[in-house]
Structures are given as C-alpha cells and as structure tokens.
Amino acid sequence: DVKVTQSSRYLVKRTGEKVFLECVQDMDHENMFWYRQDPGLGLRLIYFSYDVKMKEKGDIPEGYSVSREKKERFSLILESASTNQTSMYLCASSLFQGQYFGPGTRLTVT
Amino acid sequence: DAKTTQPPSMDCAEGRAANLPCNHSTISGNEYVYWYRQIHSQGPQYIIHGLKNNETNEMASLIITEDRKSSTLILPHATLRDTAVYYCIVRVGLNAGNNRKLIWGLGTSLAVNP
C-alpha cells in the first residue's frame, strides 16, 4: 500500500513565525502535491512538483514556498505565518492516475 | 478540465446500495472520471476511475453513461464506515504539466444510517 506521511497532525504557531510542513511518500512517486482545505471552499492546490527540484504553482501559491530535494520528500514552507493561513494542509503523491493523500496537518496560527 | 455537479448530501440505509450521481456534461473525449472520498478528519482516498467503460474494484463500481455526460458511483452494500464526502472529478489522463492537477468541488456528503 502507498503510504504518505505528514510530520504533524496538529500544529499551533504564532503570527510571523516560519513554518515547515513535511511530507514523505514511500512509493517512488514522481508527483507530489500540497493542498489546503477550508470549510465551504474544498481542496485548493498550493504547489505541486513533478520531479526533484521541480515545482509548479497551483491555484493559491501566495505566502507559500516549497522544496523538493529528494524524490520522496516534499516540504511546504510558510515564510511568515499569518492568521489567514490557519487551515488543514494535505499532501498527496501520484504516479500516473490516482492521488494518494496523507492524514493532513491542522495548522492554527494565532 | 470539465466541471462536475454533485448533490450536496445523500442518505443511505446500512446494507443497501448507495448510488452517488455526478453530472459532467462538458466532459471531453480524453477526460477520465475519478472518484475520491474523504472520511471525517482524514485525507481523501482514491476510489476508482474510468474513461468510458464501466469499472469495478473491491471498493465500488463506476457506471458511465454512453454519452459520458454523467456517471454513478455505486457502493453495493453500504456500511457505517462509508459515511464520508464523495468527490467526482474529471481530468485529462495525460500525466504532464498542468494535467497532473485535479480540480476539486465540494462533493456529496453521504450519511449511512443504521
């Protein structure tokens, strides 16, 4: 079975802090994704990566950056966290067809 | 990518078949239909996908109409653990560039009742 793990299930950070969310997949998938999910808005794509060191902006990249130094790991970085970045963050990976998701990180910025 | 329309919520009795509809009237010839579900407080889970033929796996069956403008996900014997939000998405099957992206709607919230 594909396993996608995220570094934390719950995280509380202060406004202005730099935040790192880590995602690791164990199936040698080329593609990895970061989404955020908010009530009434559904899943929105922040960034995705289709190879090591390659990245593409999704629909809402502002305020975020990403890093993919190794194939299995995709990091989401909030350079200076703000309260409007309080959300559920979901990581996914895929090879050809279905995307496989991690359990999510619920981030609260106070 | 084509847009999909799903009912916001549905109910189903435990042990009965759950039939979840999805309209995708603007689907293109090379777009696949994907279904995912999300159980409360978990990440979405891939269920099944298809192009034009009906598909079945251990989780569900996917019925696509001949004109491909709509589809139905069937859970043959729904259990309480099938209570979740079900998402229908259409996407070009090529695994390149922006075709890797999925566009998520709000899905159908299925409640399986005892």
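Treat the numbers as computed from the prediction; the structure is a model and nothing was measured. Just so we're on the same page: letters track the sequence lines, and every chain starts at 1.
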task: Side chain from CB out, backbone as N, CA, C, O: work out which of these in Q6(A) comes under 4.5 Å of a heavy atom of chain B, or both, or neither.
output: neither
- prompt: Non-hydrogen atoms of chain B under 4.5 Å away: do they reach the side chain of L90(A), the backbone, both or neither?
  reply: side chain
- prompt: Same cluster or not: are Y89(A) and L11(A) linked, directly or through other Ile, Leu, Val, Met, Phe, Trp or Tyr residues, by side-chain heavy atoms under 4.5 angstrom apart?
  reply: yes
Contact listing (chain A partner; residues 105-114 of chain B; heavy atom under 4.5 Å): G105(B), L106(B)
statement: Residue from A92(A), C91(A), G40(A) scoring the most non-hydrogen pairs under 4.5 Å with chain B is G40(A)
message: Please say yes or no: joined through hydrophobic side-chain contacts below 4.5 Å, possibly via intermediate residues, are L76(A) and I60(A) part of one cluster?
response: yes
Validation row: Y36(B), Q99(A) side chains within 4.5 angstrom (heavy atoms): yes
message: Using heavy-atom distances under 4.5 Å, tell me whether R9(A) contacts chain B through its side chain, its backbone, both, or neither.
response: side chain
Cluster overlap M10(B) with Y86(B), hydrophobic side-chain contacts below 4.5 Å: yes
- request: Identify the residues of residues 39-59 of chain B whose heavy atoms come closer than 4.5 Å to a heavy atom of chain A, ordered by number, or report 'none'.
  value: S41(B), Q42(B), G43(B), P44(B), Y46(B), H49(B)
ILVMFWY cluster, Y100(A) and Y50(A) together (side-chain gap under 4.5 Å): yes
task: Examine W104(B) together with F101(A) and report whether their ring centres are nearer than 6.0 Å.
output: yes
query: Under 4.5 Å between side-chain heavy atoms, hopping through other hydrophobics if needed: is there a path connecting I64(B) to L73(B)?
result: yes
message: Is it the case that atom CZ in R44(A) sees more than 12 heavy atoms from other parts of the structure closer than 6.0 Å?
response: yes
